[in-house]
Amino acid sequence: MKPSCTFLSMSAHLQGYPDLPRWLRYTQRSPHHPGFLYGTPTPEDRGRQVIEVIAYNRDNFDTTRQRLVLLIGDPEGPLIPYQAEFLVRSHDVEEVLPSTPASRFLTALGGLWELGELQLLNITSALDRGGRVPLPIEGRKEGVYIKVGSASPFSTCLKMVASPDSHARCAQGQPPLLSCYDTLAPHFRVDWCNVSLVDKSVPEPADEVPTPGDGILEHDLFFCPPTEAPARDFLTDALVTLLVPLLVALLLTLLLAYIMCCRREGRLKRDLATSDIQMVHHCTIRGNTEELRQMAASREVPRPLSTLPMFNVRTGERHPPQVDSAQVPLILDQH
């Protein structure tokens, strides 16, 4: 779907839900480019689905809402058992969605798959398959997966590309085996190492439905479970688990106490290890210090004149203080 205005932003979602269905995608590169709704429904998506499309005009800020009703039914026409998916690295998804590039791709692929008429089954962006966003360099594209189907078997060229030998060469960084001319080049640059072929002509074997049993195992000679467990006394294990750590902790505590308390040298050993001259010197200094302290405490001498208040250095007169010096501020007010 292509917007009528070059500055139109569009968004789409399923009616009553914030997002689109799982099989439907919407892409719009920028408000200057057209927007596309694309996807291929599965048999589980049959029914009626209403898609709400909201268009926002960036020029005049107008908003328009439109509903798109999709009626999905069973596929019509012959079955397409042979399906091939190609990764085209030279295009983005919006460049392949128009009918002209898609028809050109089918025409070019007809040179490799000449036996029947080809039909376009699905187009998916490589970003939806876990691809990386390319660097902003000219010529770099995101890539797109194109799935094509036909009622005719695969050609020998396609079988050789998807063979195990070809995948082994791709794993070693070598080009795959391609026995025919690449008719897709140079308009479509296909990654031949990512070509996958699906053959639905042979029906897959149905999964066996498990038969519920009675829950009892059959007798087996190699599996003999014990019939009964012998009685066991856990008292010994409990005592060993508790007493051994406690005993180890007690021994460590006693060893630490012996080292801290019983291995001290003491004053007697220290005095014996000191020389007599050093001991006499120390005792003399200590005795003189104590004597000076006693004399300073018991002396009755007047205080030095310099420590008295109102002392005149020249005359030596002493006057009692007129005021309490504790009440005089350090800095007097200037008048």
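We count residues from 1, following the sequence as given.
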According to a hydrophobic-cluster definition based on side-chain heavy atoms being under 4.5 Å apart (Ile, Leu, Val, Met, Phe, Trp, Tyr only), do [X] and [Y] belong together?
X	Y	result
Ile54	Leu8	no
Leu184	Tyr145	no
Phe188	Leu121	no
Val161	Leu87	no
Leu127	Leu24	no

[X], [atom1]: over 12 other non-hydrogen atoms inside 6.0 angstrom:
X	atom1	answer
Asp276	CG	no
Leu256	CG	yes
His281	NE2	no
Glu291	CD	no

Specify the closest pair of heavy atoms between [X] and [Y], including all atoms of both residues, with the distance to one decimal.
X	Y	result
Ile51	Ala12	CG2-CB, 4.2 Å
Arg67	Val50	CB-CG1, 4.2 Å
Thr284	Val280	OG1-O, 2.7 Å
Leu235	Asp233	N-OD1, 3.2 Å
Arg89	Asp191	NH2-OD2, 2.9 Å
Ser150	Ile80	N-CG2, 3.0 Å

Can a donor-acceptor pair be found, under 3.5 Å and without considering hydrogens, that links the side chain of [X] to the backbone of [Y]?
X	Y	result
Arg169	Pro175	yes
Trp113	Leu158	no
Ser166	Ala162	no

Notebook entry, point to check: Can you say whether the rings of Phe105 and Phe86 are parallel (under 30°), tilted (30 to 60°) or perpendicular (over 60°)?
Noted result: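 Correct class here is perpendicular.
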
Contacts table for residues 242-252: side-chain donor-acceptor under 3.5 angstrom, sequence neighbours left out:
none

Check: side-chain contact (heavy atoms from CB on, under 4.5 Å) between Asp19 and Leu14: does it pass, once the steps are laid out?
Finding: CA-CA 6 Å; Asp19 205 352; Leu14 184 64; over 6 Å; no

Can you tell me how far [atom2] of [Y] sits from [atom1] of [X], rounded to the nearest 0.5 angstrom?
X	Y	atom1	atom2	result
Glu52	Arg65	CD	CZ	5.0 Å
Ser125	Glu94	OG	CD	8.0 Å
Ser103	Leu118	OG	CG	11.5 Å
Phe61	Thr63	CZ	OG1	10.0 Å
Arg129	Asn194	CZ	CG	10.5 Å
Lys159	Asp199	NZ	CG	8.0 Å

Margin query: side-chain contact (heavy atoms from CB on, under 4.5 Å), that's the test. Do Arg25 and Asp128 meet it? Break it down for me.
Written below: CA-CA 10 Å; Arg25 297 286 187 273; Asp128 297 335; 3.5 Å; yes

Note to self: Among residues at least two apart in sequence or on other chains, which ones pass side-chain hydrogen bond (donor to acceptor under 3.5 Å, both in side chains) with Arg46?
What the structure shows: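 Only Asp74 meet the side-chain hydrogen bond (donor to acceptor under 3.5 Å, both in side chains) criterion with Arg46.
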
Next item on the list: Report the residues that fulfil side-chain hydrogen bond (donor to acceptor under 3.5 Å, both in side chains) with Thr124, sequence neighbours left out, ordered by chain and then residue number.
Entry: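 For Thr124, the residues satisfying side-chain hydrogen bond (donor to acceptor under 3.5 Å, both in side chains) (neighbours in sequence not counted) are Asn122.
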
Item checked: Any residue meeting side chain to side chain contact (heavy atoms under 4.5 Å, CB included) with Glu95, in chain and number order, not counting sequence neighbours ->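 Residues passing side chain to side chain contact (heavy atoms under 4.5 Å, CB included) with Glu95: His91, Asp92, Lys141.
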
Notebook entry, point to check: By side chain to side chain contact (heavy atoms under 4.5 Å, CB included), which residues pair with Pro134, not counting sequence neighbours?
Noted result: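 Pro134: side chain to side chain contact (heavy atoms under 4.5 Å, CB included) contacts with Arg140, Glu142.
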
Item checked: Donor-acceptor pair between Asp45 and Thr42 side chains, under 3.5 angstrom ->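 Short answer, yes.
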
Notebook entry, point to check: With no hydrogens and no angle check, do the side chains of Tyr26 and Gln28 hold a donor and an acceptor under 3.5 Å apart?
Noted result: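 The criterion, which ignores hydrogens and geometry beyond distance, is satisfied for Gln28 and Tyr26.
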
Check: Could Arg189 and Asp182 be called an ion pair, given the rule that one side-chain N must be under 4.0 Å from one carboxylate O?
Finding: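 Between Asp182 and Arg189 there is no salt bridge, as every charged N stays at least 4.0 Å from the carboxylate O atoms.
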
Next item on the list: Under the side-chain contact (heavy atoms from CB on, under 4.5 Å) rule, what do Thr183 and Leu112 come out as? Steps first, then yes or no, please.
Entry: CA-CA 7 Å; Thr183 57; Leu112 303 177; 3.8 Å; yes

Next item on the list: Any chance you could lay out the side-chain contact (heavy atoms from CB on, under 4.5 Å) test for Val53 and Met10, step after step, and finish with the verdict?
Entry: CA-CA 7 Å; Val53 182; Met10 304 180 67; 3.5 Å; yes

Checklist line | Residues forming a salt bridge (Lys or Arg N to Asp or Glu O under 4.0 Å) with Arg286, sequence neighbours excluded | finding: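 Expected list: none.
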
